[in-house]
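Data block below; observations after.
Throughout, a chain's letter reflects where its sequence line sits, starting with A, and its residues are numbered from 1.
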Protein chains: 2
Amino acid sequence: MTTKSTTTIDKIIENLIRIHPLLTKNLNRSIRTKTNLNPGSLFILGILNRNEMLSMSEIGCKLSMPKPHVTAQVDKLIAEGMVERLFDPNDRRIINIKMTEKGKNDFHQIKMEISTELRQNLKKLEEIKLEELLASTTQVRTLLSEIMTDNSANTGTCNKI
Amino acid sequence: MTTKSTTTIDKIIENLIRIHPLLTKNLNRSIRTKTNLNPGSLFILGILNRNEMLSMSEIGCKLSMPKPHVTAQVDKLIAEGMVERLFDPNDRRIINIKMTEKGKNDFHQIKMEISTELRQNLKKLEEIKLEELLASTTQVRTLLSEIMTDNSANTGTCNKI
DNA sequence: CAAAATGGTTACAAAAGTATAACTATTTAT
DNA sequence: ATAAATAGTTATACTTTTGTAACCATTTTG
């Protein structure tokens, strides 16, 4: 049993290690050529898009991004009018970040743009394949999200997510 | 049908866009802290590990990596004794790159090291979930590999893969 | 209240990746 | 045979990301 589990896990990891560069090369290049944002700030938009409001530290924790980098990226997003700072009345040290309506619209648009090639290629697949791929990617995303716990790459202690 | 396809594709893309930072943050950090290589050179090892021999240009094409960067990364791998240069007798312009035995062993070892946390977390899942995840990751990897055609980010023309 | 911890910013250095142009050597095309 | 194209390297500048330390403001702890 142990042996079998380990083998399965090894194969999963091998798959993930091979998926990684495929996504990196495809998405990062599109982000660079088609938007005036960088992967890091798009990652921030991504988690803000499904979290409503997060503090600077929480952003850093969720993305394993050093705090100074979070500051820089959020500054950029604020300059673009895509997010806003909200001061926490209960703890005045905390600065919460929230997407603006413009941010939500822009983000949706950006996602469409950076995925045009991918979309074109996916269109070549049969409907059945697409349904399968949807199920697969959903499972991978869900399980990875669950598994990837707070790994505190941040300076300072990382809060639980 | 078209509508349905598009929706499916949108969801797939949404999943991929969300999987991307999860892998990036987890793997890249491990690569940095646990090896003396960088993600780029590990990507090169990855494709050499399953291609036996590739020219510099082919490496650049497969990874959408600019040629000067390929040169730099391969230099580093040669310094580590993990790959070797082979001159092509038929076309003396071409330099083929091949993994050494040491490279294969080191690469296997490195993959184990950078995935320890991932492995620990995967162990928490039930056997059934693991089997499902293996099937899912395999499908995602396979279809993405098929789909991600040569996208010639390289300077100069990119050969077909 | 004083000391320690936390949240965030600033400043700075360094690594990693990207982009471009110029260059050599070799091969292909006209 | 000359010109054009290809494979690869070198050099250089730039962007993105990471890491570290110092710092301020605020909150928590003793």
Select one nucleotide: of dT18(D), dT20(D), dT10(D), the one nearest the side-chain heavy atoms of Arg32(B).
-> dT18(D)
To the nearest angstrom, the CG-C1' distance between Leu27(B) and dA16(C) comes to 16 Å
Applying salt bridge (Lys or Arg N to Asp or Glu O under 4.0 Å), which residue pairs with at least one partner in residues 34-50 of chain A are found, sequence neighbours left out?
-> Lys34(A)-Glu117(A)
Value in whole Å for how far the P atom of dT26(D) lies from CE of Met56(A) | 17 Å
Quick one: CG on Leu133(B) to CD1 on Ile147(A), what's the gap to the nearest 0.5 Å?
-> 6.5 Å
Starting at NE2 of His69(A) and ending at P of dA15(C), how long is that distance when rounded to a whole Å?
-> 17 Å
Rounding to a whole Å, what distance do you find between Leu63(B):CG and dA16(C):P?
-> 17 Å
Using the salt bridge (charged side-chain N to carboxylate O under 4.0 Å, His left out) rule, take Glu101(A) and Lys104(A) through it: C-alpha gap first, then chi angles, then the decisive distance, then the call.
-> CA-CA 5 Å; Glu101(A) 279 309 309; Lys104(A) 287 176 191 169; 3.5 Å; yes
Walking DNA chain C from its 5' end, the first of Thr24(A) and Arg85(A) to be reached, judged by nearest nucleotide, is Arg85(A)
Between CD1 of Ile59(B) and C1' of dT9(D) the distance, given in whole Å, is 14 Å
Answer yes if Ile94(B) and Ile78(B) sit in the same cluster of Ile, Leu, Val, Met, Phe, Trp and Tyr residues linked by side chain heavy atoms under 4.5 Å apart, and no otherwise.
-> no
Whole-Å distance separating the CG atom of Asn96(A) from the C1' atom of dT9(C) = 16 Å
How many angstroms lie between atom CD1 of Ile17(A) and atom CD1 of Ile13(A), to the nearest 0.5 angstrom?
-> 6.5 Å
Short question: side chain of Asn26(A), backbone of Leu22(A) - any donor-acceptor pair under 3.5 Å?
-> no
For DNA chain D, determine which residues of residues 38-52 of chain A have any heavy atom closer than 4.0 angstrom to one of its atoms, and list them numerically.
-> Asn38(A), Pro39(A), Gly40(A)
Where the side chain of Asp75(A) is defined as all heavy atoms beyond and including C-beta, which of dT10(C), dG7(C), dA16(C) is the nearest nucleotide?
-> dT10(C)
Which of dG8(D), dT10(D), dA11(C) is nearest the side chain of Ile95(B)? It is dG8(D)
Kindly state which residues belonging to residues 87-94 of chain A come within less than 4.0 angstrom of DNA chain C, counting heavy atoms of the residue only, listed by number.
-> Arg93(A), Ile94(A)
Sub-3.5 Å donor-acceptor pair from the side chain of Lys129(B) to the main-chain atoms of Leu122(B), do we have one?
-> no
Quick one: does Thr100(A)'s side chain have a donor or acceptor within less than 3.5 Å of a partner on Gly81(A)'s backbone?
-> yes
Of all the nucleotides listed (dT18(D), dA19(C), dG17(C)), which has the minimum atom distance to the side chain of Met65(A)?
-> dT18(D)
N/O donor-acceptor pair under 3.5 Å between Ser115(A) side chain and Leu118(A) backbone | no
Please determine if a side-chain N or O atom of Lys67(B) lies less than 4.0 Å away from the OP1 or OP2 oxygen of dA19(C).
-> no
Considering only heavy side-chain atoms of Thr71(A), the closest of dT9(C), dT18(D), dT20(D) is dT9(C)
In whole angstroms, the gap separating P of dT18(C) from CD1 of Ile31(A) amounts to 12 Å
Side-chain atoms of Lys25(B) come closest, of dG17(C), dT17(D), dG19(D), to dT17(D)
From the list dA7(D), dT9(D), dT18(D), which nucleotide is the closest neighbour of the side chain of Ser57(B)?
-> dA7(D)
Rounded distance (Å) that lies between atom C1' of dT17(D) and atom CZ of Arg29(B) | 14 Å
Salt bridge Asp88(B)-Arg93(B), side-chain N to carboxylate O under 4.0 Å | no
